[in-house]
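Following: one structure in structure tokens, then a few remarks.
Chain letters run A, B, ... following the sequence lines, proteins first and then strands; every chain starts at 1.
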2 protein chains.
Amino acid sequence: MAPTSQETGRETRARLLQAAAELIVEDGWGTVSTRRVADRAGVRPGLVHYHFRSVDNLLVEAALQTMRQEVDGLLSMLRGGADTGTGLEFFLDLVARYAADSETTALFSEALLAATRNERLREELAGALGECRSALTDWLAAQTGDPEAEAVSVLLLALLDGLVLHHLIDPRLRRVPLEAALRRLAGLDGPPQADDGDGSPRRHT
Amino acid sequence: MAPTSQETGRETRARLLQAAAELIVEDGWGTVSTRRVADRAGVRPGLVHYHFRSVDNLLVEAALQTMRQEVDGLLSMLRGGADTGTGLEFFLDLVARYAADSETTALFSEALLAATRNERLREELAGALGECRSALTDWLAAQTGDPEAEAVSVLLLALLDGLVLHHLIDPRLRRVPLEAALRRLAGLDGPPQADDGDGSPRRHT
DNA sequence: ATACGTCTTGGGCGTTCGACCAAATCGTAC
DNA sequence: GTACGATTTGGTCGAACGCCCAAGACGTAT
């Protein structure tokens with residue numbers, strides 16, 4: 001069964017979005033051009049401005065599509081009523097996965113920076129960030145009754161993006177175990193217990 | 001006294017670096033061009049390739065110069081043996097200042113992303129990040145004897161960059177008080193005290 | 001005064017950019 | 001089979017791009 005022209009059109013559009021997302025990560029938001037995104041997608045350059053009003057519009061669509069999937073995953077997890085254990089595991093998994101999968105990861109950072117120069121993108125991202133913060137705050141408050149739940153949510157979400165950035169430039173960071181410190185921040189654990197009484201610095205590399 | 005030609009040369013070079021740093025923030029790393037950086041610096045386009053081997057080289061120099069100042073400030077503060085109070089104040093001040101001064105702030109994020117595509121920049125930034133992590137770990141361990149000092153350092157530094165990114169796209173975040181949660185993460189405070197026993201979510205905006 | 005190194009000027013090289021368009025092609029509906 | 005909307009093609013436009021260079025201007029050392 002041969003695809004209809006509408007079907008191939010949607011396919012072309014999807015390939016352009018995918019190619020745009022890849023090029024944003026590889027070469028940076030500002031350097032993605034009509035011809036190279038078309039070349040990557042295996043279509044003619046003219047098609048870019050048929051399917052999208054402008055190159056920048058294509059980039060915004062591509063970033064939003066990719067990020068929306070990740071955000072929805074986090075939201076459904078938090079709103080699904082995950083208990084303490086699976087919730088923290090999920091967050092640690094997020095950190096680990098984002099640290100390993102630098103594809104999606106770098107796209108987030110690129111989009112956040114691009115959002116400072118594109119009003120529509122900024123509003124969309126601020127909205128998504130607010131959704132995540134609300135959901136995470138509710139989840140934390142339900143889990144721990146922590147009066148600082150909202151502040152902790154802000155910190156955890158910032159942590160995610162910051163860790164991802166730092167992992168990009170120094171993959172050795174993956175060897176630092178973060179779980180205990182994250183537990184403490186999230187209010188899921190007690191205060192720190194010094195392993196010796198003299199307060200001397202620990203060895204670190 | 002009229003400046004010598006060497007002096008005006010250094011001045012031109014400095015103006016180009018400053019203009020490059022500004023344009024990186026305003027328009028993004030990948031879009032800074034020979035002519036516009038020269039125009040911003042008030043010099044002729046040809047001078048860019050007299051003082052710098054390439055545009056990308058100019059950008060790396062500009063980013064490193066600006067970031068080195070900030071990093072040195074943090075390092076000398078930590079190594080100066082600040083006590084608990086002034087140390088945490090200093091960190092909170094950092095967050096507040098970076099959140100307000102989006103100039104320097106966005107440059108950090110741009111440079112981190114650009115570092116994923118430039119080996120020299122990546123090595124320089126990874127080195128500076130390691131220095132900060134070491135100094136912060138030592139300082140925290142000396143303050144609290146926290147066995148998790150290194151993990152906490154990784155988190156605090158990631159937090160700084162992540163918060164900065166999030167503040168860029170949603171300035172309302174500035175209204176969320178973070179001090180108590182930061183204290184808890186840094187091991188400078190006790191465990192969270194629930195203000196009510198039912199664990200119900202708090203209101204948030 | 002003459003020579004030298006540093007800095008600046010103005011322009012030109014070939015390439016790539018975003019955007020746009022008329023014509024060709026294709027399924028579908030009539 | 002004919003008309004139609006959706007899609008694709010191949011190409012052009014002016015502008016901006018990075019990089020390079022010959023010539024001039026300037027301060028300094030000899």
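- In terms of phosphate contacts, A/Thr12 brings no side-chain nitrogen or oxygen within less than 4.0 Å of OP1 or OP2 of D/dT7.
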All N/O donor-acceptor pairs, side-chain side in residues 155-167 of chain B, below 3.5 Å, sequence neighbours left out:
| from | atom 1 | to | atom 2 | distance (Å) |
| --- | --- | --- | --- | --- |
| B/Asp161 | OD2 | A/His166 | NE2 | 2.5 |
| B/His166 | NE2 | A/Asp161 | OD2 | 2.4 |
| B/His167 | ND1 | B/Leu163 | O | 2.8 |

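- Between B/Glu124 and B/Leu64, the shortest heavy-atom distance links the atoms CB-CD2, 3.7 Å.
- With hydrogens and angles disregarded, a donor-acceptor distance shorter than 3.5 Å links the side chain of A/Arg15 to the backbone of A/Ala41.
- Under 4.0 angstrom from either OP1 or OP2 of C/dG18 there lies no side-chain N or O belonging to A/Ser54.
- Using a 4.0 Å cut-off between charged side-chain N and carboxylate O, A/Arg117 and A/Glu110 make no salt bridge.
- Minimum interatomic distance between A/Glu70 and A/Thr104 (heavy atoms only, all atoms of both residues): CG-CG2, 3.8 Å.
- B/His51 has no side-chain polar atom (N or O) that falls below the 4.0 Å cut-off from OP1 or OP2 of C/dT6.
- One interatomic measurement links the two molecules: CG of B/Asp56 to C1' of D/dC19, which rounds to 14 Å at whole-angstrom precision.
- A salt bridge links B/Arg40 with B/Glu26; the closest basic N to acidic carboxylate O contact falls under 4.0 Å.
- Residue A/His49 places none of its side-chain N or O atoms closer than 4.0 Å to OP1 or OP2 of C/dC21.
- Per the geometry, CZ belonging to B/Phe52 stands 12 Å off P belonging to C/dT8, to the nearest Å.
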_Walk along nucleotides 9-15 of chain C from 5' to 3' and tag each nucleotide B, S or - by protein heavy-atom contact under 4.0 Å, base first, then sugar-phosphate._
BB-B---
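- B/Arg53 comes within contact range of no nucleotide atom at all, as no heavy-atom separation falls under 4.0 Å.
- The distance from the CG atom of B/Leu58 to the OG atom of B/Ser54 is 8.5 Å, given to the nearest 0.5 Å.
- Look at CZ on B/Arg10: it is 8 Å from P on C/dC7, rounded to the nearest Å.
- Between B/Arg36 and B/Glu22 no salt bridge is recorded (no basic side-chain N to carboxylate O distance below 4.0 Å).
- Residues B/Gln69 and B/Gln65 have side chains that never bring a donor and an acceptor to within less than 3.5 angstrom of each other.
- Separating the CZ atom of B/Arg36 from the P atom of D/dA15 is a distance of 17 Å, rounded to the nearest angstrom.
- Within residues 22-34 of chain B, the residues having any heavy atom under 4.0 Å from DNA chain D are, by residue number, B/Val32, B/Ser33, B/Thr34.
- Distance CG (B/Asp39) to P (D/dA16): 12 Å, rounded to an integer number of Å.
- If you take CG of A/Leu16 and C1' of C/dG18, they are 15 Å apart, rounded to a whole angstrom.
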